[in-house]
Structures are given as C-alpha cells and as structure tokens.
*Asks:* 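Sending over a structure as structure tokens; questions will come in a sec.
Numbered from 1 within each chain, the chains take letters A, B, ... in sequence-line order.
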2 protein chains.
Amino acid sequence: NRIAELVLRPVTSLMIRADNVAIVSPFHTLDHALLVLTNSGYSAIPVLDRASVVQGTIHTNLIMNAVAGLNGYEMDSLHDQTVESVMSREVPRIHSGESMLKAVELMINQPFLCVEDDAGKFVGLLTRKAVLGTLYRGFRE
Amino acid sequence: NRIAELVLRPVTSLMIRADNVAIVSPFHTLDHALLVLTNSGYSAIPVLDRASVVQGTIHTNLIMNAVAGLNGYEMDSLHDQTVESVMSREVPRIHSGESMLKAVELMINQPFLCVEDDAGKFVGLLTRKAVLGTLYRGFRE
Ligand SMILES: Nc1ncnc2c1ncn2[C@@H]1O[C@@H]2COP(=O)(O)O[C@H]3[C@@H](O)[C@H](n4cnc5c(N)ncnc54)O[C@@H]3COP(=O)(O)O[C@H]2[C@H]1O
Ligand SMILES: Nc1ncnc2c1ncn2[C@@H]1O[C@@H]2COP(=O)(O)O[C@H]3[C@@H](O)[C@H](n4cnc5c(N)ncnc54)O[C@@H]3COP(=O)(O)O[C@H]2[C@H]1O
C-alpha cells in the first residue's frame with residue numbers, strides 16, 4: 001500500500017528535467033556525438049530535433065560499428081557522417097501522464113524512457129536508477 | 001507478501017550463469033576488448049583473471065577516453081595497451097547467498113552485479129533487467 005502508492009506516482013515526479021539531459025541533434029556529425037557521449041560518460045542519449053521531438057537514440061557502440069572497417073577503425077569518417085544516419089529510430093518513450101507501474105514494465109527492456117507531453121514534446125528522462133531508488137525506499141518502509 | 005516473497009529470493013535464481021556472460025581478461029589488449037564490447041553490444045562487462053575472480057569492469061567509454069588525443073583518436077595505440085591499465089577497479093559485487101532486496105539496493109547505482117561464491121569466484125551476472133522483470137511480475141499479481 002506503500003508500494004501501491006509508489007507505483008501510482010506520475011513519472012514526472014521522478015524524471016530528470018529536459019535541460020539536465022545530454023542530447024544531440026539528428027544533423028550533428030558523429031565526431032560531435034562521440035565527444036558528447038565520452039565526455040558525459042553515458043553509453044546512450046536521446047536525439048532531439050529542433051521542435052524538441054525525440055527522433056531516436058544514439059549509442060557509442062552504434063558509432064563504433066559505423067566506423068569499423070577491414071583495416072581498423074576509420075575515425076576520420078566520423079566527421080562525414082550524421083547522427084541521423086546511424087541512430088536507432090526505436091524511441092523508448094512514455095507519456096507524462098503515465099504512472100510508475102507502466103514505467104517499470106517498459107524499463108525491463110529499456111535503461112531510460114523519454115517522457116513526452118501531449119504534443120509529443122520531450123519534457124524529461126526517466127531512468128532505471130530513479131525507478132529502482134523509489135522501489136527500494138518503498139520496500140524499506 | 002507476494003512482494004515480500006520476491007524480495008527474499010536468492011540472487012542465484014535470477015542471475016545469468018557465468019558461461020553466458022561476456023568477459024575479458026586483464027591482460028587482453030584494448031583492441032580485443034573493444035571488439036568484444038562492440039560485437040556483443042554491451043557497454044560494460046566484467047574483467048576476470050585466470051582464477052575466475054573479478055578484477056574490474058571495462059567500458060567502451062573508458063577505452064575511447066584512453067585513446068583520445070589532441071589530434072583525434074589514436075586507434076593504433078589500442079594494441080599496445082592492456083585492459084588492466086584502464087579498467088575500473090571498483091567491482092559491483094554481491095555474494096551468492098544474498099537476497100533480491102540487497103540486490104535492489106545495490107542496483108540503484110549499478111546496472112549489473114557480479115555474483116560471487118564463498119571463495120570469491122565469479123558464478124554469474126545479475127542485471128537490472130532481471131530484477132525489474134521480477135518486481136513487475138510481483139506487482140501484477
Ligand atoms: N555520470 C554518472 N554519475 C553517476 N552514475 C552514473 C553516471 N553515468 C552512469 N552512471 C550509472 O551507470 C548507469 C548506466 O549508465 P548508462 O550511461 O549506460 O545509461 C544511462 C544513459 O544512457 C541514460 N542517461 C542517464 N542520465 C542521463 C542524462 N542526464 N542525460 C542523458 N542520458 C542519460 O540513461 C541510462 C540509465 O541511467 P541510470 O542512471 O539508470 O544508470 C546509470 C547510473 O546508475
Ligand atoms: N543484446 C541485447 N539484447 C537485448 N537487450 C539488450 C542487449 N544489450 C543490451 N540490452 C538492453 O540494454 C540494457 C543496457 O545494456 P548495457 O550493455 O548498457 O548494460 C548491460 C551490460 O553492461 C551488462 N550485461 C548484461 N548482460 C550481459 C552479458 N550476458 N554479458 C556481459 N555483460 C552483460 O549488464 C548491463 C545491464 O544489462 P540489462 O540486461 O539490465 O540492460 C540491458 C538490456 O535491457
């Protein structure tokens with residue numbers, strides 16, 4: 001019932017707000033995206049267009065696979081390729097009105113979820129860390 | 001009570017057994033480690049010594065940071081560096097006798113835990129996916 005209360009909480013109360021989320025644009029080059037990923041330390045981040053709509057996700061592994069050649073990694077080609085050409089277009093998303101229970105279900109297979117408002121605009125990131133922390137606090141009580 | 005039952009389950013019942021876990025040795029070169037990571041698609045994996053004791057974890061980002069130079073990424077140097085020289089020595093671990101509740105607490109900050117027996121030997125990997133899947137099934141009942 002403490003647990004029931006928790007799983008009914010809205011995802012907006014636990015998400016990282018959009019301005020604290022590392023992102024890239026579909027038109028950025030892969031060398032820029034790789035820099036953002038390695039500097040932030042994140043393995044994957046959302047790709048947002050100018051209208052703040054999530055168009056995909058970019059992962060360090062996707063970039064490395066894009067430059068792996070027969071003679072090693074062609075790092076110079078990173079500057080000639082865009083995020084859009086290698087990003088995963090499967091967006092892990094959840095509506096801002098949804099509850100934690102829905103988030104737990106979706107996060108079995110997704111390390112993060114892009115929270116979107118009614119207009120489909122990106123408003124924040126919900127992470128497994130936030131969800132597990134909330135569940136753990138519930139169990140402790 | 002369904003939940004209580006779940007959180008008291010032993011971690012061994014939910015872990016991926018050792019022979020199904022991608023790993024590298026501390027003496028492998030970074031180009032081998034990068035290949036294992038990009039081929040498996042995992043962002044981080046355990047580093048095991050010959051005695052099957054976990055010595056650290058290796059992440060794609062750690063490798064990329066190790067070759068980032070003023071003139072771009074020096075991919076040739078990957079062959080001259082070992083996993084041991086860049087791995088994180090902070091091992092996310094849990095004893096095989098522990099329960100899910102302990103695992104949930106540790107996984108707030110760790111995407112996976114190395115399950116170890118009494119001799120400190122690696123026996124399996126517990127993932128956030130396994131834990132969230134179990135919790136979700138508990139909530140549904
Ligand atoms: N700088 C840091 N400080 C402290 N702990 C760190 C950290 N970077 C990573 N971690 C830990 O490692 C987990 C996996 O990070 P990863 O980057 O693979 O996977 C992350 C990343 O892909 C994404 N993410 C998290 N925060 C983000 C942010 N502010 N901006 C963009 N993406 C983010 O969500 C995934 C899940 O994040 P979650 O927090 O559940 O889980 C994180 C967190 O527990
Ligand atoms: N080949 C694949 N097929 C289906 N889904 C995939 C996948 N690769 C990754 N995922 C999904 O992405 C999540 C994060 O993967 P990541 O490689 O960053 O982070 C992984 C990785 O660092 C490690 N890991 C998982 N399975 C492993 C294995 N068999 N061997 C070595 N490390 C493993 O544990 C972390 C958490 O794994 P978890 O399953 O909770 O969470 C995984 C899973 O939900």
*Asks:* When rounded to the nearest 0.5 angstrom, what distance separates CD1 in A:Ile108 from CZ in B:Arg137?
*Replies:* 7.5 Å
*Asks:* Using 0.5 Å steps for rounding, measure from the OH atom of B:Tyr73 to the CG atom of A:Leu34.
*Replies:* 3.5 Å
*Asks:* Taking side chain as C-beta onward, heavy atoms only, is A:Met75 less than 4.5 Å from B:Glu74?
*Replies:* no
*Asks:* So which part of B:Leu135 gets closer than 4.5 Å to some heavy atom of chain A, the side chain, the backbone, both or neither?
*Replies:* side chain
*Asks:* Report yes if some heavy atom in the side chain of B:Leu101 is under 4.5 Å from a heavy atom in the side chain of A:Tyr136; otherwise report no.
*Replies:* yes
*Asks:* State plainly whether one hydrophobic cluster holds both A:Val115 and A:Leu14, where clusters connect Ile, Leu, Val, Met, Phe, Trp and Tyr through side-chain heavy atoms under 4.5 angstrom apart.
*Replies:* yes
*Asks:* Distance from B:Arg128 atom CZ to A:Met107 atom CE, nearest 0.5 Å?
*Replies:* 9.0 Å
*Asks:* Do B:Phe122 and B:Ile16 sit in the same hydrophobic cluster, where Ile, Leu, Val, Met, Phe, Trp and Tyr count as joined when their side-chain heavy atoms come under 4.5 Å apart?
*Replies:* yes
*Asks:* In terms of hydrophobic clusters joined by side-chain contacts under 4.5 Å, are A:Phe112 and A:Leu62 together?
*Replies:* no
*Asks:* Can A:Met64 and B:Met64 be said to form a side chain to side chain contact (heavy atoms under 4.5 Å, CB included), step by step?
*Replies:* CA-CA 10 Å; A:Met64 296 316 292; B:Met64 297 314 293; 3.8 Å; yes
*Asks:* Is there a side-chain contact between A:Leu132 and B:Asn109, using heavy atoms and a 4.5 Å cut-off?
*Replies:* no
*Asks:* Is B:His79 atom NE2 crowded by more than 12 heavy atoms from other residues, nucleotides or ligands, each under 6.0 Å away?
*Replies:* no
*Asks:* Of the backbone (N, CA, C, O) and the side chain (C-beta and beyond), which part of B:Thr38 lies under 4.5 Å from a heavy atom of chain A, both, or neither?
*Replies:* both
*Asks:* If you count heavy-atom pairs under 4.5 Å between each of A:Glu105, A:His59, A:Gln110 and chain B, which one has the most?
*Replies:* A:Glu105
*Asks:* Applying a strict under-4.5 Å side-chain criterion to I, L, V, M, F, W and Y, I'd like to know whether A:Val104 and B:Val7 cluster together.
*Replies:* yes
*Asks:* Quick check on the hydrophobic clustering: are A:Val83 and A:Val91 connected, directly or via other members, by side-chain heavy-atom contacts under 4.5 Å?
*Replies:* no
